[in-house]
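In what follows, a structure is listed as structure tokens, so that the remarks can point back to it.
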Amino acid sequence: MEKKQKLTELFLLTSFLCCFVVLIHTSSEGVTKLLLGSWQHKVFFMFNKALSFVVPGFVFLSGLKLTYSYQQKSFDFFYFMKKRFLKILIPYIFWYVVYYRFLTSLGFMAEKTIQQHIFSFIMGDLISPFYFITIIFQFYLLFGIFLYFVRNYKLIYVFIVSALIQYIYLKYIYIPYDDRFFMTYFIYFMLGCIMSENLEFFRSKIQKYSILIYICFIFFAYWHITHSYASSIEGIVYKNWRIFTCLFSISAIVAFYHMSYSITQKAPRWFLSIFKAIEESSFYIFLGHCYILYSCNEHWFQVGIHSIFRKFLLNSVIVFFVSFFVSFLYILCKKKWYSICKKV
């Protein structure tokens, strides 16, 4: 069996998204607490909104990585879900308990009943990043169906039908908790699946039309950020905002994919190894970084640091590097443990 090529550009793309997740949360205080309409608030709002394609980006990566990993093997639903439960659900349960105990001890959250815990756990609403777990598990449950279509039908037809379904949903269908329903992110996952099936073709097209991609990204970023600000602060209706959010997210994902691919083609091996380590630690950074952020904010309150900009700078550095270091150590220890168990 031919050995699959490592997608080194995904090391860098995942690292970008990891960093952006941290920056979204460290900048959120500036969005919620600064004076509305002030130039400082505009800067924080626009910076935060410019990074809002992170969840679509992670969904895209999940579709791409999963489909690529199944190119040379058959799909077994029960084995697949068993691996996801062990890899995703157990860390999620651990961090759910940690955050709940931590937030209730600080008085930031009231005690929950069993029914409330079940709802919070399934909906991923204990803390803001958890809703991604709810979204991605829906895609895991449906992955076998998506894999069947991209394997058995022409990719152009799969894309057209997927885009049409996504358009109809975003244009006409509104449901409660749609931010954690897989259909809101359907096109990103399918783009990842489709791209994985003919990766060299898509890479060449992205390289060829890179200037156009960046122009589209800049246009949709400007459109989405300015219209979101006008809607949130000035009360101006943002027509078709879900569709423009989707277009902005797709253009951002493709632009950063091109950026990542271009950098990794020229980068030395030691450089790539850094981002490979971040990529391997990304899920644990995602789960744990808010704990460090909350701890930092509690410390700044105790020592009397109230400057939002200063806290943003300190938190951005501390939260990323501490969460990465702890996650990296955990991955390293896990690998050592597995290697010892194999020898035994």
Would you mind reporting whether [Y] and [X] have side-chain heavy atoms less than 4.5 Å apart?
{"X": "Leu10", "Y": "Tyr257", "value": "yes"}
{"X": "Phe130", "Y": "Ser120", "value": "no"}
{"X": "Trp95", "Y": "Leu126", "value": "no"}
{"X": "His25", "Y": "Pro129", "value": "yes"}
{"X": "Phe189", "Y": "Phe182", "value": "no"}
{"X": "Ser316", "Y": "Leu23", "value": "yes"}
{"X": "Phe139", "Y": "Phe143", "value": "no"}
{"X": "Tyr140", "Y": "Met81", "value": "yes"}

With a 6.0 Å cut-off on the ring centroids, do [X] and [Y] count as close?
{"X": "Tyr92", "Y": "Phe137", "result": "no"}
{"X": "Tyr131", "Y": "Tyr177", "result": "no"}
{"X": "Phe186", "Y": "Tyr169", "result": "no"}

Salt-bridge criterion met for Glu279 and Lys276 (N-O under 4.0 Å): no

Carboxylate-amine/guanidinium contact Arg180 Asp125, below 4.0 Å: no

With no hydrogens and no angle check, is any side-chain donor or acceptor of Thr14 less than 3.5 Å from a backbone partner on Phe11? no

My understanding is that a hydrophobic cluster links ILVMFWY residues whose side chain heavy atoms are under 4.5 Å apart, including indirect links. Using that, what else belongs to the cluster containing Ile211? Ile215

Is there a side-chain contact (heavy atoms from CB on, under 4.5 Å) between Ile175 and Met183? Walk through the geometry before answering. CA-CA 10 Å; Ile175 64 170; Met183 275 306 305; over 6 Å; no

Working note: Asp179 + Val55, criterion side-chain contact (heavy atoms from CB on, under 4.5 Å); need CA distance, chi angles, decisive distance, verdict. CA-CA 10 Å; Asp179 62 332; Val55 169; over 6 Å; no

What do you reckon, is OH of Tyr79 surrounded by more than 12 foreign heavy atoms closer than 6.0 Å? no

Is it true that atom CG of Leu212 has more than 12 heavy atoms of other residues, nucleotides or ligands lying nearer than 6.0 Å? yes

With a 3.5 Å cut-off and no angle check, do the side chains of Gln166 and Tyr185 form a donor-acceptor pair? no

